[in-house]
Amino acid sequence: KAGVTQTPRYLIKTRGQQVTLSCSPISGHRSVSWYQQTPGQGLQFLFEYFSETQRNKGNFPGRFSGRQFSNSRSEMNVSTLELGDSALYLCASSLSEGKLFFGEGSRLTVL
Amino acid sequence: GDSVTQMEGPVTLSEEAFLTINCTYTATGYPSLFWYVQYPGEGLQLLLKATKADDKGSNKGFEATYRKETTSFHLEKGSVQVSDSAVYFCALSDQAGANNLFFGTGTRLTVIP
């Protein structure tokens, strides 16, 4: 069974640009969550989508947004990138509460 | 707000040593508690969980007991192996049915032969 797939794995952007990250969940999983991981703040919850609806949202500015498609694939977008947005962005899919299956992440560097 | 505090690493142990990684939490209500593990080159994965006070989660020889009186969920293993080398994360969820977890900062464990 294929795991959670995230693309791209690595990307470099400059301040002010925007970026879109993609996540394909495990087949049959309808919940997709996004997390930001940084050395200083650790893992922080961004948002969760379930059946194309945002179910929960973390404490991030409106520049961070996401969506989920009918096939459960999800994208997150960060607009007007700042240096502090450099991080590993992790996607996780789930069938049940708390049992998350994480992808390997998309590492974003903002110059 | 909700938070998780776990012991700083890194932790280095010899094979067959006893492992404890401390985790304490702050939360309103009755959270569910988790330990996640990240092996080298792999994504985070759930190791064990406990959903109510006094529950014991266990998996792969690891155990953790939900202690409400001390707000703790310490991870233990009686005899570690080289293959247990990984980063361990304690986490909590304060919303039933949701997947917005609060994670600790992670503890890197290295087991030497």
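Letters go in sequence order (proteins before strands), and every chain restarts at 1. Predicted model, so just to flag it, every value in this text is computed and none were measured.
- Of all residues in residues 61-69 of chain A, none places a non-hydrogen atom less than 4.5 angstrom from a non-hydrogen atom of chain B.
- A:Tyr89 and A:Ile12 fall into different hydrophobic clusters, where Ile, Leu, Val, Met, Phe, Trp and Tyr residues are linked whenever their side-chain heavy atoms come under 4.5 Å apart, directly or through other members.
- Residues A:Trp34 and A:Val19 share a single hydrophobic cluster, defined by chaining ILVMFWY side chains whose heavy atoms lie under 4.5 Å apart.
- Interface remark: B:Phe89 contributes side-chain atoms only to the contact with chain A (heavy atom separation under 4.5 Å).
- Cluster annotation: A:Val4 and A:Tyr10 are assigned to distinct hydrophobic clusters (Ile/Leu/Val/Met/Phe/Trp/Tyr, side-chain heavy-atom contacts under 4.5 Å, transitive).
- Note that CG of A:Leu95 and CG of B:Asn99 are 10.0 Å apart. Values are rounded to the nearest 0.5 Å.
- Counting heavy atoms of neighbouring residues, nucleotides and ligands inside a 6.0 Å radius, atom CG of A:Asn59 does not exceed 12 of them.
- Aromatic pair B:Phe103/A:Phe45: ring centres not closer than 6.0 Å.
- A:Leu46 does not touch chain B: none of its heavy atoms, backbone or side chain, sits under 4.5 Å away.
- Enclosure of atom CD in B:Glu8 is not indicated, since only 12 or fewer non-hydrogen atoms of other residues, nucleotides or ligands lie within 6.0 angstrom.
- For the pair B:Leu44 and A:Leu43, the minimum side-chain heavy-atom distance is below 4.5 Å.
- Linking Ile, Leu, Val, Met, Phe, Trp and Tyr whenever their side-chain heavy atoms come within less than 4.5 Å puts B:Val11 and B:Tyr39 in one cluster.
- Note that CZ of B:Phe102 and CD of A:Gln44 are 10.0 Å apart. Values are rounded to the nearest 0.5 Å.
- Within a 6.0 Å sphere centred on NZ of B:Lys52, heavy atoms belonging to other residues, nucleotides or ligands number 12 at most.
- For chain B, no part of A:Phe50 is nearby; none of its heavy atoms comes within less than 4.5 Å.
- At a 4.5 Å heavy-atom cutoff, the contact between A:Gln37 and chain B is made by side-chain atoms alone.
- Interface residues of residues 99-111 of chain A toward chain B, defined by a heavy-atom distance below 4.5 Å and sorted by number: A:Lys99, A:Leu100, A:Phe102, A:Gly103, A:Glu104.
- The cluster map of Ile, Leu, Val, Met, Phe, Trp and Tyr, joined by side-chain heavy atoms under 4.5 Å apart, puts B:Val87 and B:Val37 in different clusters.
- With respect to chain A, the highest number of heavy-atom pairs below 4.5 Å among B:Thr105, B:Thr51, B:Leu46, B:Leu101 belongs to B:Leu101.
- Shown here is B:Glu16, whose CD atom has no more than 12 heavy atoms of other residues, nucleotides or ligands within 6.0 Å.
- Interface residue B:Ser32: only side-chain heavy atoms are found under 4.5 Å from chain A.
- Surrounding CZ of B:Arg108 are at most 12 heavy atoms belonging to other residues, nucleotides or ligands under 6.0 Å away.
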